Amino acid sequence: MSRERWSTGLGFILASIGSAVGIGNIWRFPYIVGTNGGGAFLIPYLISVFLFGLPLMMLELAVGRHLQTSVGPAFRAIGQRFFFAGIVLVVIVSLILSYYLVVSSWVLAYSLFFALQRPVDFDAFTGSYYPLVFFLLSGLIVFATVRSGVREGIERISRVVIPLLLLILLLLVVFSLAQPGAAEGVAFYLTPDFSLLGDPLVWAAAFGQAFFSLSVGMGILLTYGSYLERANLFRNATIIAVSDIAIAILAGLMIFPLVFAFNVDPAAGVNLAFVTLPSVFLSMQFGSVLGTLFFAMLFLAALTSAVSMLEVPVATVIDSYGYPRKRATLLVFGVIVLLGLPSALSYTGLRLELFGTPLFDLSDYVFGTLGLIFSGLIVSIVAGWFVDPEWLFAELGGTPRLQRAYLLLVRYCIPVVLFITLVARILGIPAG
Ligand code: PHE
């Protein structure tokens with residue numbers, strides 16, 4: 001059977017933007033900027049993206065494009081002894097997906113609640129068994145997309161989702177900026193505090209956010225690259241990275257004016273999206289429309305990211321065992337649902353906890369934070385050190401001097417930075 005292909009280069013770019021743009025852009029980025037030096041944070045962030053994220057993206061794309069196969073078989077092609085590392089990568093992505101689907105299901109639920117004008121209390125919601133229903137529902141949408149294939153599923157959905165997401169985001173930005181007091185929010189968000197640039201934690205936050213947001217180092221771009229016939233990888237990777245940054249910056253322009261106009265706490269994480277912002281929407285005119293749009297946009301962003309994660313294990317099963325796509329998707333999806341159930345149920349009456357931490361929070365830390373950095377380390381070491389530079393540069397182009405600098409980056413700088421970030425996280429130094 002011949003390999004599946006993107007129908008056009010644009011289709012590939014939109015699918016990759018879909019993978020990169022996720023919950024991380026819309027609610028994580030604005031908060032991290034606001035608490036790490038405002039506009040000044042863009043300096044370490046842009047450096048992280050272009051110096052570390054982009055070269056790793058290009059590495060993954062080049063390996064996938066050249067070897068024309070997905071993570072497991074690609075790692076085996078690089079060296080028989082790396083097959084196990086490939087499997088570790090596939091397992092990490094599957095585990096991240098299992099809990100990412102839980103967050104996706106919450107935003108899906110909230111968009112419906114707002115549409116039906118039936119606001120709910122977040123604790124009451126997560127304590128009930130509704131999240132299980134939405135977990136299965138959002139999982140099924142992701143499943144159906146991947147099951148339909150690269151062109152008919154992933155590419156088709158990305159062509160609709162990305163423009164729609166951008167449209168909703170722009171609408172919300174305009175609306176937010178029109179609120180009285182919006183300027184104060186923008187000032188908090190973007191006024192640079194350069195004194196923070198000396199703080200290593202700010203840099204660590206930038207690296208972490210850049211890797212998470214670009215979906216790099218997880219074999220996703222390797223897999224997506226394997227469906228490309230020929231492409232300018234440098235240009236494509238740059239377009240994907242720039243779009244990802246642009247959407248993240250826009251998201252901040254939507255969130256901070258609202259937070260300031262309504263005088264609420266711009267606090268971190270889960271509470272911002274599920275408690276603070278819903279309360280703001282509820283107190284506004286047209287609040288239910290805005291709430292519906294906001295959560296629908298988050299769901300669209302999460303959907304294409306989840307699709308890209310599911311494609312990694314599915315493609316490995318197809319390419320390694322010759323399974324037809326439909327059967328491979330069913331098999332992998334079944335496993336992921338089982339893996340995700342403990343996270344999905346962790347706040348219910350069952351109180352699934354380990355060492356006093358709900359399993360959802362634990363998954364977020366172990367898989368979403370440590371696992372992600374660890375998998376980036378695997379990719380940069382295996383692909384950076386053991387791939388023949390000759391064919392790598394045949395894929396990437398560039399002058400000899402650029403190529404030398406590139407090797408230096410992917411072989412030394414990126415693994416070292418990732419390693420330091422991993423150790424810092426394990427020691428519990430908060431970064432972001
Ligand atoms: N990049 C996605 C986001 O910003 C998250 C993600 C991480 C997706 C890793 C896939 C893999 O939310």
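Order of appearance sets the numbers: ligands from 1, and atoms from 1 within every ligand. In this text, all values refer to a predicted model and were calculated from it rather than measured experimentally. Values reported hereafter were calculated over all heavy atoms of this structure, with side chains retained and with hydrogens, waters and symmetry mates removed.
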Note to self: As a check for students: among Phe211, Tyr100, Phe212, identify the option with a heavy atom nearest to atom 1 (N) of ligand 1.
What the structure shows: Phe212
Notebook entry, point to check: In ligand 1, which numbered atoms sit nearer than 4.0 Å to a non-hydrogen atom of Ser19?
Noted result: 1 (N), 2 (C), 8 (C)
Next item on the list: Show which atoms of ligand 1 fall inside a sub-4.0 Å distance from at least one heavy-atom site of Ile23.
Entry: 3 (C), 12 (O)
Check: For ligand 1, which atoms sit closer than 4.0 Å to a heavy atom of Asn25?
Finding: 4 (O)
Check: Among protein heavy atoms, which sits nearest to atom 9 (C) of ligand 1, and what does the distance come to when rounded to 0.1 Å?
Finding: Met218 SD, 3.0 Å
Next item on the list: Decide if the gap between the ring center of Phe274 and the ring center of Trp106 is smaller than 6.0 angstrom.
Entry: yes
Item checked: Aromatic ring proximity Phe125/Tyr130, centre distance under 6.0 Å -> no
Notebook entry, point to check: Counting only heavy atoms, which portion of Met309 has something under 4.0 Å from ligand 1: side chain, backbone, both, or neither?
Noted result: side chain
Note to self: Check whether Tyr227 forms a cation-pi arrangement with Arg5 (NZ or CZ under 6.0 Å from the six-membered ring centre, at most 45° off the ring normal).
What the structure shows: no
Notebook entry, point to check: Which ligand 1 atoms are under 4.0 Å away from a heavy-atom of Ile220?
Noted result: 10 (C), 11 (C)
Notebook entry, point to check: Taking N or O atoms only and a 3.5 Å limit, does Ser213 qualify as a polar contact for ligand 1?
Noted result: yes
Margin query: Yes or no: does Phe29 have any heavy atom under 4.0 Å from an atom of ligand 1?
Written below: no
Next item on the list: Specify the protein heavy atom at minimum distance from atom 2 (C) of ligand 1: its residue, its atom name, and the distance to 0.1 Å.
Entry: Ala20 O, 3.5 Å
Next item on the list: Show the numbers, then the answer: is there a side-chain contact (heavy atoms from CB on, under 4.5 Å) between Ile92 and Ser375?
Entry: CA-CA 7 Å; Ile92 294 177; Ser375 71; 4.0 Å; yes
Checklist line | Proximal ligand 1 atoms for Gly22, defined as those under 4.0 Å from one of its heavy atoms | finding: 3 (C), 4 (O), 12 (O)
Checklist line | Ring centroid separation Phe113 to Phe295 under 6.0 Å | finding: no
Note to self: Within the 3.5 Å criterion, strictly below it, is a donor on Arg3 or Gln68 matched to an acceptor on the partner's side chain?
What the structure shows: no
Next item on the list: Establish, yes or no, whether the cationic atom of Arg28 lies under 6.0 Å from the six-membered ring centre of Phe212 and within 45° of the ring axis.
Entry: yes
Check: When you look at Tyr110 and Phe294, which way does the ring-ring contact (aromatic ring centres under 6.0 Å, His included) test go after all the steps?
Finding: CA-CA 9 Å; Tyr110 265 60; Phe294 175 75; 9.9 Å; no
Note to self: Starting from atom 12 (O) of ligand 1, what is the nearest protein heavy atom, named by residue and atom, and what distance separates them?
What the structure shows: Gly24 N, 2.7 Å
Check: Under 6.0 Å between ring centres, would you say that holds for Phe256 and Phe188?
Finding: yes
Item checked: Closest approach of any protein heavy atom to atom 8 (C) of ligand 1, naming residue and atom -> Ser215 OG, 3.3 Å
